[in-house]
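These notes are about the structure you will find just below.
Order of listing sets the numbers, starting from 1, for every ligand and every atom in it.
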Amino acid sequence: MIVRTLDEIIGTDNDVRAETWASRRLLLKKDGMGFSYHDTTIYAGTETHIWYKNHLEAVYCVGGEGEIETVADGKVYPIKDGTMYALNEHDEHYLRAKTDMRLICVFNPPLTGQETHDEEGAYPLVEAE
Ligand code: 9YT
C-alpha cells in the first residue's frame, strides 16, 4: 500500500518546475503501478506546446480553466473543472491556461521522474531507473 500527500512532495525532487507548469509526481515508474500519476498546475496566461510521442497521457481538470488545441486539425476544446482529455493518438497540442489550471495526469508508460520536455514538447522514453 502506498499513501502519499501533496505536502510531502512539494519542494522535493518529485516537484518538477518548468516555465509554464509545476508537476508534483505522486507515483512514478519505480512504484510499479504501470503508470505515473501527477498533480500538475499550468500557470495562468501561458501556452505550452506538448507532443508526447512516446507516452499516452490522460488528464483530468479539477480546477481553473483554459483550452487545448490539437495541431493536426486546429480544433480547440475548452477545459474546466470536470473536463478530461486523453491523448490517445499521441496528439500534438497547445495547452493554454486562462487561470491557473490544476490537472491530474496519468502517463503510460510511467515517467521515471528524470524526463524533461525536449524542444518538440516531448518526453524521451527513459528505460533506466
Ligand atoms: C498537462 C501536461 O501535460 N502538462 C505538462 C506537464 C506534465 N503533465 C507532467 O509532467 O506532469
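Close approach of ligand 1 to Glu57 is summarised as follows: ligand atoms under 4.0 Å from at least one heavy atom of the residue are 1 (C), 2 (C), 3 (O), 8 (N). For ligand 1, the atoms sitting less than 4.0 Å from at least one non-hydrogen atom of Cys105 are 1 (C), 8 (N), numbered in the order shown with element in parentheses. Ligand 1 places these atoms under 4.0 Å from at least one heavy atom of Ile42: 4 (N). Near Leu103, with a cut-off below 4.0 Å to any heavy atom, the atoms of ligand 1 are 1 (C). Under a 4.0 Å criterion applied to the non-hydrogen atoms of Ile50, ligand 1 contributes the atoms 2 (C), 3 (O), 4 (N), 5 (C). The His38 neighbourhood of ligand 1 comprises atoms 9 (C), 10 (O), 11 (O), with distances under 4.0 Å to a heavy atom of that residue. Less than 4.0 angstrom separates some heavy atom of Arg25 from each of these atoms of ligand 1: 9 (C), 10 (O). Less than 4.0 angstrom separates some heavy atom of Tyr52 from each of these atoms of ligand 1: 3 (O), 5 (C), 6 (C), 7 (C), 8 (N).
A salt bridge is absent between Lys75 and Glu69; no separation between the charged side-chain nitrogens and carboxylate oxygens falls under 4.0 Å. With respect to the salt-bridge test (charged N to carboxylate O, under 4.0 angstrom), the residues Arg24 and Asp39 do not qualify.
Checked by distance only, ligand 1 and Tyr85 stay at 3.5 Å or farther apart across all their nitrogen or oxygen atoms. The shortest N or O to N or O distance between Ser23 and ligand 1 is below 3.5 Å.
Annotation: the span from Thr40 atom OG1 to Leu95 atom CG amounts to 9.5 Å, rounded to 0.5 Å.
Residues Arg17 and Ala22 come closest through the heavy atom pair CD-CB, 3.8 Å. Of all heavy-atom pairs spanning Val16 and Asp13, the tightest one is CG2-O, 3.7 Å.
Looking at Arg4, its side chain does come within 3.5 Å of a backbone N or O of Leu26 through a donor-acceptor pair. His55 contributes no side-chain N or O that, together with a main-chain N or O of Phe107, makes up a donor-acceptor pair within less than 3.5 Å.
Of all the heavy atoms of Val16, none lies under 4.0 Å from any atom of ligand 1, so neither backbone nor side chain is involved.
Counting only non-hydrogen atoms, the option in Leu95, Val106, Ile79, Thr40 that gets closest to atom 1 (C) of ligand 1 is Leu95.
Under the side-chain contact (heavy atoms from CB on, under 4.5 Å) criterion, Val106 pairs with Phe35, Tyr37, not counting sequence neighbours.
Aromatic ring centres of Tyr52 and His90: separated by at least 6.0 Å.
Within the 4.0 Å heavy-atom shell around ligand 1 one does not find Thr48.
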